[in-house]
Novice: 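A single structure is presented below for examination.
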Number of protein chains: 2
Amino acid sequence: MTNANATLADVARLAGVSEITVSRVVRNLGPISENTRQKVNSAISKLDYVPNRAAGMLASAGSNLVAVLLPSLSNIVFPEVMRGIAEGLRGTGHQPLIGVTDYDPLQEEALLTSFMSWRPVAVITTGFEHTETTRRMLSSGRIRVAELMDIDSQPIDLAVGLSHRSAGQVTSRHLADLGYRRFGYVGHDWTADRRARLRYDGLVEGLAERGLSIVAETLNPGPSSTEAGKAALATLLAKGAAPDVVVFSNDDMAVGGYFHCLAAGIEVKRDLALFGFNGLEIGQCMPAPLSTLRSNRFLIGKQAVEVLLSTPKRPDETQTIDTGFEIIVGKTA
Amino acid sequence: MTNANATLADVARLAGVSEITVSRVVRNLGPISENTRQKVNSAISKLDYVPNRAAGMLASAGSNLVAVLLPSLSNIVFPEVMRGIAEGLRGTGHQPLIGVTDYDPLQEEALLTSFMSWRPVAVITTGFEHTETTRRMLSSGRIRVAELMDIDSQPIDLAVGLSHRSAGQVTSRHLADLGYRRFGYVGHDWTADRRARLRYDGLVEGLAERGLSIVAETLNPGPSSTEAGKAALATLLAKGAAPDVVVFSNDDMAVGGYFHCLAAGIEVKRDLALFGFNGLEIGQCMPAPLSTLRSNRFLIGKQAVEVLLSTPKRPDETQTIDTGFEIIVGKTA
DNA sequence: GGATTTTATGGTAGCGCTGTCATTATCGCG
DNA sequence: CGCGATAATGACAGCGCTACCATAAAATCC
C-alpha cells in the first residue's frame with residue numbers, strides 16, 4: 001500500500017538494522033533479539049514488504065518449486081492425483097508449477113524445457129513415454145524425478161503407481177472365476193493412453209491362462225468419456241457376438257455402458273455384466289454399484305511428493321512404489 | 001549432460017561472443033547475424049545450457065507467471081476452468097502457479113502471500129470472498145486480478161463468470177412455466193460454496209415472483225457429490241412434502257438424485273422432475289438427459305486469461321464479463 | 001562522397017537477495 | 001576475574017541475467 005515495491009534494503013533502513021538481519025527475521029533463521037524482530041516486523045508491515053523469491057532463489061541457488069506435468073485435466077483421475085500432490089506439498093513451503101501435456105510427449109518436452117528454467121527441486125510427470133530430450137533433461141541427475149501412475153517399466157528415478165498389466169490380469173481372473181466366458185472389451189483411443197493398452201494386454205494374458213479370449217471389442221476414437229462408453233457399447237453389441245461380460249477401459253467408459261444398458265432395457269449382470277477400472281465415486285453411486293478395480297490416485301500423488309521431498313538428493317538406485325489396487329465387487333459383475 | 005549448470009557466461013565464452021549476445025539469441029531479440037546465431041546455438045546445446053529464469057526475472061523485473069487459486073480440484077468444475085486457463089496461457093510463454101484453497105479464505109491468503117513473492121503478472125482467483133489482507137495485496141494495483149465464476153459483486157479488477165442469482169431466477173421461472181408448483185431443493189454445505197447459496201436465493205426470488213415457494217429442502221453437510229445428492233434426495237422425500245420437482249445445487253447432486261429415483265423406482269419427470277446446474281457431460285449421457293443450466297467453465301478460464309494478458313496494465317475501471325448460461329432442456333423436467 | 005541510417009555487437013551496472021566470514025556484546029564458570 | 005562459549009548483528013561479494021548506453025562496420029541516401 002505504502003510503497004511501490006519495497007525491498008529488503010528499504011525495510012532494513014526503516015527498521016534501523018542491516019539487510020541481512022531483516023533477511024534472517026523473514027526466514028526465521030539464526031538468533032534474533034525480540035526487540036529487533038519487532039522493529040523489523042513492524043517495518044515490514046508498514047512497507048507492505050513482499051520478499052522477492054527470484055532474488056532469493058538466485059542468491060541461494062535453490063527454488064521451492066515442483067514441476068508437475070499432467071496429461072490432462074479433463075479426466076478426473078489427474079485432478080485427483082494433483083490433489084494428492086497438493087496435499088503432499090501442503091506446509092512444506094513448496095509450490096507446484098503445473099503443465100498439461102495433452103498426452104503429447106512433444107508438448108511435455110516443451111513444457112519441461114520451460115519449467116527447467118525455474119530450477120525446480122523435483123519434476124513429477126506421468127508414465128514412461130518421453131522424448132529423448134525430455135529423458136536427457138530428467139536424467140542429468142541434479143533433480144528428483146517421479147513418474148506416476150505406472151510401474152511396469154524402469155523409472156528414471158522414482159515410479160509411483162500400479163501395474164496396469166497386472167490389473168488387467170487380475171480383472172480377467174476375477175471375472176473368469178465368477179463364471180464369465182464370453183468377454184467383450186470397450187476402450188478408447190490408446191495411442192495416447194498407454195496404460196489403458198497395458199491393462200488390455202494384461203486382460204488378454206489373463207484370459208489366455210484360462211484358455212479364453214475376447215469375443216468382441218470396440219475402440220472408440222478419442223479420449224475416454226461417459227458418452228464414448230455409451231456409444232461404444234452400443235456398437236459392440238450391434239456386432240452380435242453376445243458377450244456375457246464387457247470390460248471397459250475405465251470407469252467413465254463403464255458408466256456410459258451402464259447408461260446404455262439402462263436405456264436399452266438390458267438388465268445389467270443378468271443379461272450383461274460390466275467391469276470398469278479406477279473406482280470413481282460416480283460408479284459407486286449408481287443403483288447397481290459398478291464392479292471395478294480401485295486405483296489409488298490421491299495416494300499416488302501424495303506418496304510421490306513425500307518420497308521426493310524427504311530425499312532431496314536422488315539416490316543411486318531407482319525406486320518403484322506400488323500403490324496397488326483392489327477389486328470392488330459391486331453389482332454389475 | 002556435459003556441464004554441471006552452464007551459465008550465459010559459459011556459453012558466451014565457448015561461442016566467443018559476449019554474454020549479451022547470447023542473451024539476445026536465446027530471447028530472439030534484436031538483430032543477430034546468422035553466423036553468430038549458429039555459434040551460440042551450438043555452444044548452447046554443447047553445454048546443455050538452460051536459462052535461469054530467476055536471474056532473468058530479477059534483471060528484467062518481470063515474471064511470466066500467473067498465480068491461480070482454485071477452491072478445489074475434487075469438483076470437476078474447477079479442473080475445467082483450469083483447462084480454460086491452460087488453453088489461454090498456451091503459447092504465450094506464461095506459466096500457471098496453482099494453489100488449492102479448499103474454499104478457505106485463510107488458506108487463500110496464505111497461498112497468495114507465498115505466490116506474490118514470485119511477482120506474478122496476474123492473479124486468478126474465484127469469487128469475491130477474500131480476507132482483508134488478500135484484498136489489500138490484490139488491490140495494490142500493480143498486477144492484474146481476475147475473480148472467476150461469479151459476477152454478482154463488484155470485482156477488484158476483472159470478474160468473469162455468470163450471475164448465479166440470475167441463474168437461480170431463470171431456473172424457477174423456467175420450471176414454473178413448465179407447470180411445476182411444488183418445489184423441493186437439495187443442496188450441499190453452502191457456507192463454503194457461496195455461489196450455490198446465490199443460486200438458491202435467486203431460485204427463491206424467482207418463485208416468489210409467481211407466488212410460489214419451496215415446499216421442502218435438504219442441505220447435505222459437506223461438499224457436493226453424487227453420493228450426497230442421492231442421500232439428500234432420499235432424506236427430502238422422506239419428509240413427505242411431495243414435491244413435483246427438485247432443484248439441486250448442481251449436476252453432481254442431481255445425478256445422485258437421478259440414481260436415487262432409479263433405485264427407488266420413481267419415474268423421473270412423471271413422478272418427480274429433477275433440475276441441476278452446470279451441464280456436466282455425465283448428466284447428458286444418462287438415459288434421461290439431465291435438465292439443467294449450462295455454465296461455461298472452460299470459457300470462463302480462457303476468457304479471463306485472454307483479457308488479463310491482453311492488457312497487462314490494470315485499467316482504471318473494473319470490468320465484468322458475463323459468460324452467461326443456457327437452459328439445457330433435457331428429459332428430467 | 002560525406003552524412004545518415006541500419007545492422008551487429010559489446011561494456012557496465014545493477015536487479016534483491018543470501019552465504020560467508022567477521023565483529024561485538026553478553027554470559028557462565030572455575 | 002579472565003576465558004572460551006554463545007547470542008546478536010553486520011560488511012561484502014556475488015548469484016545469472018538484462019537494461020541501458022555505446023561503438024563499429026556496413027548499407028543507404030541525396
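Atom set for the values below is all heavy atoms of this structure, side chains included, hydrogens, waters and symmetry mates excluded.
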Novice: Does B:Ser18 put a side-chain nitrogen or oxygen below 4.0 Å from OP1 or OP2 of C:dG10?
Specialist: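 Yes, because at least one side-chain N or O of B:Ser18 sits under 4.0 Å from OP1 or OP2 of C:dG10.
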Novice: With a cut-off of less than 4.0 Å, is there a side-chain N or O of A:Ser23 near OP1 or OP2 of C:dT18?
Specialist: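 For C:dT18, OP1/OP2 do have a side-chain N/O of A:Ser23 under 4.0 Å.
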Novice: For B:Glu108 and B:Thr131, what are the C-alpha separation, side-chain angles and deciding distance, and is it a side chain to side chain donor-acceptor pair (under 3.5 Å)?
Specialist: CA-CA 8 Å; B:Glu108 181 190 49; B:Thr131 66; 5.9 Å; no
Novice: Give a yes or no answer on whether the side chain of B:Asp152 reaches the backbone of B:His164 with a donor-acceptor pair at less than 3.5 Å.
Specialist: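 The answer is yes, because a donor-acceptor pair under 3.5 Å joins these two groups.
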Novice: Does A:Arg24 make a side-chain donor-acceptor contact with the base of D:dG10, cut-off 3.5 Å?
Specialist: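 Looking at the base of D:dG10, it does pair with a donor or acceptor on the side chain of A:Arg24 (distance under 3.5 Å).
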Novice: Just compare D:dT9, C:dT9, D:dC17 and give me whichever is closest to any side-chain atom of B:Ala59.
Specialist: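 In terms of side-chain proximity for B:Ala59, the closest of D:dT9, C:dT9, D:dC17 is D:dC17.
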Novice: Nearest whole angstrom, please: distance from the P of C:dA13 to the CG of B:Leu58.
Specialist: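 For the pair B:Leu58 CG and C:dA13 P, the rounded distance is 17 Å.
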Novice: Are B:Tyr49 and B:Leu8 side-chain neighbours, meaning at least one heavy-atom pair lies under 4.5 Å?
Specialist: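 Yes - at least one pair of side-chain heavy atoms lies under 4.5 Å apart.
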Novice: D:dA19 C1' sits how many Å from B:Leu8 CG, rounded?
Specialist: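 Taking CG of B:Leu8 and C1' of D:dA19, I get 14 Å after rounding.
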Novice: To the nearest angstrom, how far is A:Glu19 atom CD from D:dT9 atom P?
Specialist: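 Distance, rounded to whole Å: 16 Å.
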Novice: Side-chain N or O of B:Ser60 less than 4.0 angstrom from OP1 or OP2 on D:dT18?
Specialist: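 No, because none of the side-chain N or O atoms of B:Ser60 sits under 4.0 Å from OP1 or OP2 of D:dT18.
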Novice: Could you tell me how far apart A:Asn52 (CG) and C:dC17 (C1') are, to the nearest whole angstrom?
Specialist: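 Atom-to-atom, A:Asn52 to C:dC17, this comes out as 8 Å.
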Novice: Using modelled atom types only, decide if a donor and an acceptor are shared between the side chain of B:Thr113 and the backbone of B:Glu109 within a distance under 3.5 Å.
Specialist: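 Present.
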Novice: Would you mind reporting whether A:Ile151 and A:Val160 have side-chain heavy atoms less than 4.5 Å apart?
Specialist: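 No - every pair of side-chain heavy atoms lies 4.5 Å or more apart.
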Novice: When the distance from CZ of B:Arg27 to C1' of D:dG16 is rounded to whole Å, what number comes out?
Specialist: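 The answer, rounded to whole Å, is 12 Å.
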Novice: Ignoring backbone atoms, establish whether B:Ser33 has a side-chain N or O less than 4.0 Å from OP1 or OP2 of C:dT9.
Specialist: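 Yes.
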Novice: Whole angstrom is fine here: how far is it from CG in B:Asn35 over to C1' in D:dA25?
Specialist: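 Nearest whole value for this atom pair: 15 Å.
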Novice: Rounded to the Å, how far apart are A:Arg53 CZ and D:dG16 P?
Specialist: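 That distance rounds to 16 Å.
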Novice: Give the rounded distance in Å between these two atoms: CG of A:Leu29 and P of C:dC17.
Specialist: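 My rounded result for the distance is 15 Å.
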